[in-house]
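Step one of this worksheet: look at the structure below.
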2 protein chains.
Amino acid sequence: MSEPSVNAPRRPSKGERTRARILDSATELFSRSGFNAVSLRDIAAHAGLTHAGLLHHFPGKEAVLIEVLSRRDRIDAQSVFPGIVRPGTPEPGPGERLRRLVGLVARNSGTPGIVGLYAKLSAEATDPGHPAHHYFKERYRVLREEVTVLVEALQAEAGAPARSAPETVARQLLALMDGLQTQWLLEPEAVVMEEVVRDFLRGLGFLPGDGAGGAGVSG
Amino acid sequence: MSEPSVNAPRRPSKGERTRARILDSATELFSRSGFNAVSLRDIAAHAGLTHAGLLHHFPGKEAVLIEVLSRRDRIDAQSVFPGIVRPGTPEPGPGERLRRLVGLVARNSGTPGIVGLYAKLSAEATDPGHPAHHYFKERYRVLREEVTVLVEALQAEAGAPARSAPETVARQLLALMDGLQTQWLLEPEAVVMEEVVRDFLRGLGFLPGDGAGGAGVSG
DNA sequence: GTCTATATCGCGATAGAC
DNA sequence: GTCTATCGCGATATAGAC
């Protein structure tokens with residue numbers, strides 16, 4: 001049987017290994033120097049082939065970037081919303097999902113290179129016709145839906161009647177996280193993204209206030 | 001006497017007029033087609049000179065963009081925080097400044113081209129060494145300070161004790177506005193930036209809530 | 001001081017040989 | 001699947017015309 005079953009990892013072909021090598025090289029170089037400063041020739045050389053050889057695996061430079069970022073997206077999403085990546089997987093409870101989401105914000109502070117790429121590409125991709133346009137539209141749609149569901153659950157748990165529509169709060173939270181990244185990238189030492197996000201969530205009643213402890217989401 | 005006094009508008013020199021013509025052309029072309037799709041040769045041709053001639057007035061393409069945006073910045077800032085542009089000018093009251101700030105968000109919905117340029121440049125400019133890096137650092141510093149002062153005043157007016165530090169709220173508001181632009185640019189018909197910002201401000205007690213009972217979220 | 005012409009560079013992308 | 005060769009383009013530098 002050389003037919004692999006759906007979930008069994010099979011031996012990668014040579015092409016797949018080259019592709020992976022290219023993505024690893026691109027991730028490293030993009031993270032270090034950004035998108036514009038890195039040429040296809042740089043990536044190809046780092047991966048051990050020529051730029052024309054690289055373009056056999058990817059249609060263009062931006063396609064490489066999109067693949068780099070969507071690979072990371074998949075990893076991040078899996079940690080917060082496992083159901084996105086593996087449909088049917090049961091999501092953790094709302095409190096746990098929120099904890100993981102804030103943890104993701106904190107973890108991003110360790111990879112300014114990637115965060116910067118994300119900020120740049122998501123801005124460029126607002127242009128219809130940009131190769132990553134549909135990817136980002138879809139990304140925001142999925143994230144907004146997941147966060148909306150999360151907010152609904154948190155509002156229900158919070159007890160007090162919800163002041164705002166869950167979709168609106170979801171938009172606010174995602175916008176806040178994105179906008180904070182820009183401020184943090186400009187002045188990394190002056191901003192603690194995680195703290196600002198926590199403060200916002202506290203205002204919504206999703207995290208205990210800084211006085212007497214509330215419902216147990218400590219430390 | 002052909003000596004103009006300090007504040008009297010004097011006849012612009014030929015160079016200054018050329019410079020202004022270049023900026024007008026660049027604004028129009030950038031707004032219509034974005035940054036990457038427009039070449040220096042396009043801008044120069046539209047302004048009636050060659051691309052090398054243009055480069056006698058600006059060191060490079062990005063310098064042109066920075067000038068285009070900072071010119072707009074000056075106009076916008078003047079409408080909300082007159083004191084920034086003309087030091088010593090008395091600011092309007094907090095309520096009025098907040099009203100103008102929200103009005104600016106609403107007005108931005110009329111110029112997606114410029115908003116997009118802003119989103120793209122502010123992301124690119126997070127890279128230290130980018131020609132606009134210092135401009136954006138300074139821009140955020142000034143905006144954050146002005147908004148912090150505004151938030152302090154609004155918190156005092158709101159009566160209830162402030163839950164968050166004014167600087168934090170200022171960061172949140174600016175981040176929210178920036179992040180919303182990305183979402184709006186991706187799906188202009190699905191987002192009403194002004195409404196989401198108002199909702200956020202309502203949650204802070206800076207705008208009147210809708211009715212009393214809290215259950216006012218319809219639709 | 002203002003602008004043009006030209007020459008050169010490195011880039012992304014394509015075509016076709018192997 | 002990878003190469004060499006080549007194209008067109010944007011960006012840049014220099015020399016010099018007005």
Side-chain angles (χ1 to χ4, degrees), chain A residues 10-30 32-69 117 120-121 124-125 127 129-133, chain B residues 2 4 10-26 28-30 32-68 117 120-121 124-125 127 129-133:
Chain A
R10 56 180 165 61
R11 171 119 174 72
S13 69
K14 183 184 179 189
E16 285 168 326
R17 274 180 285 124
T18 305
R19 216 183 122 91
R21 235 171 48 234
I22 291 169
L23 288 177
D24 290 340
S25 296
T27 302
E28 183 179 333
L29 295 179
F30 282 158
R32 192 191 305 153
S33 311
F35 181 69
N36 288 323
V38 176
S39 70
L40 282 180
R41 286 166 174 86
D42 294 334
I43 301 169
H46 192 276
L49 35 62
T50 66
H51 90 285
L54 187 156
L55 288 171
H56 185 77
H57 298 272
F58 297 91
K61 191 186 178 185
E62 296 197 296
V64 177
L65 178 56
I66 293 170
E67 207 52 46
V68 164
L69 294 181
L117 284 181
K120 283 161 204 150
L121 190 66
E124 283 178 12
D127 186 40
H130 187 283
H133 186 70
Chain B
S2 61
R10 55 179 167 62
R11 171 120 173 72
S13 69
K14 183 181 180 189
E16 285 167 326
R17 274 181 285 125
T18 304
R19 213 183 126 92
R21 235 170 50 233
I22 291 169
L23 288 177
D24 290 339
S25 296
E28 183 179 335
L29 295 178
F30 284 157
R32 189 191 305 153
S33 312
F35 181 69
N36 288 324
V38 176
S39 70
L40 279 182
R41 287 168 174 87
D42 293 335
I43 301 169
H46 191 276
L49 36 66
T50 67
H51 90 285
L54 188 155
L55 289 172
H56 267 269
H57 298 272
F58 299 92
K61 194 183 176 185
E62 294 197 300
V64 177
L65 178 56
I66 294 169
E67 206 52 46
V68 164
L117 286 180
K120 284 160 203 149
L121 191 66
E124 284 177 10
D127 186 40
H130 188 283
H133 186 69

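Chain letters run A, B, ... following the sequence lines, proteins first and then strands; every chain starts at 1. Just so you know, these numbers use all the heavy atoms, side chains as well, and skip hydrogens, waters and symmetry mates.
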(request) With B:F58 as reference, evaluate B:V64, B:I66, B:I43 under the side chain to side chain contact (heavy atoms under 4.5 Å, CB included) test and give the passing residue. (result) B:V64
(message) Quick check: do A:E16 and A:R11 have side-chain heavy atoms less than 4.5 Å from each other?
(response) no
(request) Write down the distance between CG (B:L55) and P (D:dA15), rounded to a whole number of angstrom. (result) 17 Å
(request) Return yes if some donor-acceptor pair links the side-chain N/O of B:R21 with the main-chain N/O of B:A47 below 3.5 Å, else return no. (result) yes
(request) To the nearest Å, give me how far apart CG (A:D42) and C1' (C:dG10) are. (result) 11 Å
(message) Using side-chain heavy atoms (C-beta onward) and a distance below 4.5 Å, is A:V38 in contact with A:R32?
(response) no
(message) List the residues meeting side-chain hydrogen bond (donor to acceptor under 3.5 Å, both in side chains) with A:N36, not counting sequence neighbours, and say none if there are none.
(response) none
(message) What is the distance, to the nearest angstrom, from the CZ atom on A:F58 to the C1' atom on C:dT14?
(response) 18 Å
(message) Among residues at least two apart in sequence or on other chains, which ones pass side-chain hydrogen bond (donor to acceptor under 3.5 Å, both in side chains) with A:S39?
(response) A:D42
(message) Output the rounded distance in Å from CG (A:L40) to P (C:dG12).
(response) 5 Å
(message) Ignoring hydrogens and geometry beyond distance, is the side chain of A:R41 in donor-acceptor contact with the base of C:dG12 at under 3.5 Å?
(response) yes
(request) Establish, with yes or no, whether the OP1 or OP2 oxygen of C:dA13 is under 4.0 angstrom from a side-chain nitrogen or oxygen of A:K61. (result) no
Expected rows: protein N/O vs nucleotides 2-4 of chain C N/O, under 3.5 Å:
unit_1, atom_1, unit_2, atom_2, d
C:dC3, OP1, B:T18, OG1, 3.1
C:dC3, OP2, B:H57, NE2, 2.2
C:dC3, N4, B:H56, ND1, 3.4
C:dC3, N4, B:H56, NE2, 2.3
C:dT4, OP2, B:T50, N, 3.0
C:dT4, OP2, B:T50, OG1, 3.1

